[in-house]
Amino acid sequence: MTVFYQIVFRSVLRRMDAEKVHKLSFAALRGVAALPGVAAAMGRVLGPREPELTVHALGREFPGPLGLAAGFDKNAESPSGLAALGFGFVEIGTVTAQPQPGNPKPRLFRLVGDRAIVNRMGFNNEGSALVAERLHHQLGGRRPVLGVNIGKTKVTPEAEAPADYAVSARSLARYADYLVVNVSSPNTPGLRDLQGVERLRPLLAAVRGALTEAGHPDLPLLVKIAPDLADEDIDAVADLALAEGLDGIIATNTTISREGLTASADQVEAAGAGGLSGAPLKRRSLEVLRRLRARVGDRVTLVAVGGVETPQDAWARIRAGATLVQGYTGFVYGGPFWPRRIHRGLARLVRSAGYRSIGEAVGADVPAPSGTGKQPDSV
């Protein structure tokens, strides 16, 4: 099936508009998964079922460490359908307080030779109220571990950003297993400025307050950072996470860098501005993860994303300190059976390394700083 998907991708899909392919393929998945009993049957066949892959993190049990990153299902249209493909968890969004159309099309481009994607979607979504209503109607069904990623409405001034994030947090808290504050997309003007600790601290305080008002003061709260931060800024975010009691950091979002691409200058220019994801992000995302692990140890749950294509990539992230791993571009290029291949390969790597569970490998290559006083999440 993998070979068949690659043939279809290279002969048909790569020649079509990337956003149109996304919509068509996602609509097909939703239609199949909506048939009675189909999603459950798919989950039994494709879902992670090796006991050594079970992860206990953020106060939840994840059937496997690989999840789908935010951006694929922005409006919570079918998290269960996506989980049925074999993901251990699904992160929806990015959701903003108000609905917005995003940036003008075309805004999604493939650099196939680099196994990369450039997007300047601009947080196109239906707004937190409608997404919350959709999740409410899904409560009765079988749902995966669900992350909710929230961002700033484009027209909201920076000074009002904390209140804007708080609106989404209040609306969506009851449906989330964890909440992510996204301050690192390059496609909303000024958003990345919120990564500075002097702006991030009051924003996080506003979100915490909103979660308390919504009756979910203990909902795990994470922040997602960019790979383009200077090392000292990564350290500052890590220190803030410790000081503010954040539950996790997701490293990393897309990059504005175009270094190391094999695509021609004309191809890169045609793709234009936006965040680059996929294989070219692999090295820097791993560097950021290692730096975070060395700084926070096991006191903060680290989630790795960026350039994950193979079980070995995911394994390297886990050994560098990630308790959970996410993919997006690897899924686009790898096809619908990609999550199952990653989990199956990870199970083999865990066993061949002599571990009883994948949690024993977390941070094996990056020793935690001394005196953290806390053991990694059990798995």
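Because the structure is predicted, anything quoted here is derived from the model rather than measured.
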Between [Y] and [X], does any NZ, NE, NH1 or NH2 come within less than 4.0 Å of an OD or OE carboxylate oxygen?
{"X": "R351", "Y": "E360", "answer": "no"}
{"X": "D228", "Y": "R192", "answer": "yes"}
{"X": "E77", "Y": "R134", "answer": "no"}
{"X": "E158", "Y": "R199", "answer": "yes"}
{"X": "D239", "Y": "R295", "answer": "yes"}

Practice task
Kindly indicate whether a cation-pi arrangement holds for R341 with F337, taking the cut-offs as under 6.0 Å to the six-membered ring centre and within 45° of the axis.
Solution key: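 Checked: cation-pi criterion not met.
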Handout entry: Taking every non-hydrogen atom, the tightest pair across A173 and A214
Key =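 Shortest heavy-atom contact: CB-CB, 4.2 Å.
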Practice task
Taking all non-hydrogen atoms of both residues into account, name the closest pair between R293 and V366 and its distance.
Solution key: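 Looks like NE-O, 3.4 Å.
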Can you see whether [X] engages [Y] through a side-chain donor-acceptor pair at a distance of less than 3.5 angstrom?
{"X": "N187", "Y": "N119", "result": "yes"}
{"X": "E91", "Y": "Y178", "result": "yes"}
{"X": "D313", "Y": "T310", "result": "yes"}
{"X": "S285", "Y": "T252", "result": "yes"}
{"X": "T301", "Y": "T323", "result": "no"}

Report whether [X] and [Y] are members of the same hydrophobic cluster (ILVMFWY, side-chain heavy atoms less than 4.5 Å apart, transitive linking).
{"X": "V95", "Y": "L130", "value": "no"}
{"X": "L46", "Y": "F89", "value": "yes"}
{"X": "L29", "Y": "V12", "value": "yes"}
{"X": "M16", "Y": "V8", "value": "yes"}
{"X": "L281", "Y": "V308", "value": "no"}

Exercise for the section: Mind running salt bridge (charged side-chain N to carboxylate O under 4.0 Å, His left out) on E244 and R208 for me, showing each step along the way? Expected result: CA-CA 10 Å; E244 298 297 320; R208 284 282 194 206; over 6 Å; no
Exercise for the section: Would you please indicate yes or no on a ring centroid separation below 6.0 angstrom for F62 and H56? Expected result: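 Judged by ring-centre distance (under 6.0 Å), H56 and F62 do not meet the cut-off.
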Exercise for the section: Assign the ring pair F87 / F331 to parallel, tilted or perpendicular, where the plane angle (0 to 90°) is split at 30° and 60°. Expected result: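 Answer is perpendicular, since the angle exceeds 60°.
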Exercise for the section: Apply the test salt bridge (charged side-chain N to carboxylate O under 4.0 Å, His left out) to residues R60 and D177: give CA-CA distance (whole Å), side-chain angles for both, the deciding distance (0.1 Å), then the verdict. Expected result: CA-CA 7 Å; R60 275 71 178 166; D177 289 297; 3.6 Å; yes
Problem - Member of D247, L221, L222 meeting the side-chain contact (heavy atoms from CB on, under 4.5 Å) criterion with L179 - result: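 When D247, L221, L222 are each tested with L179, the side-chain contact (heavy atoms from CB on, under 4.5 Å) holds only for L221.
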Practice task
Please say which of R291, R284, R290 ends up in a side-chain contact (heavy atoms from CB on, under 4.5 Å) with E287.
Solution key: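 The single option meeting the side-chain contact (heavy atoms from CB on, under 4.5 Å) with E287 is R284.
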Problem - Point-to-point distance, once rounded to the nearest 0.5 Å, from CZ of R283 to CD of E259 - result: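 Answer for the CZ-CD pair, R283 versus E259, is 8.0 Å.
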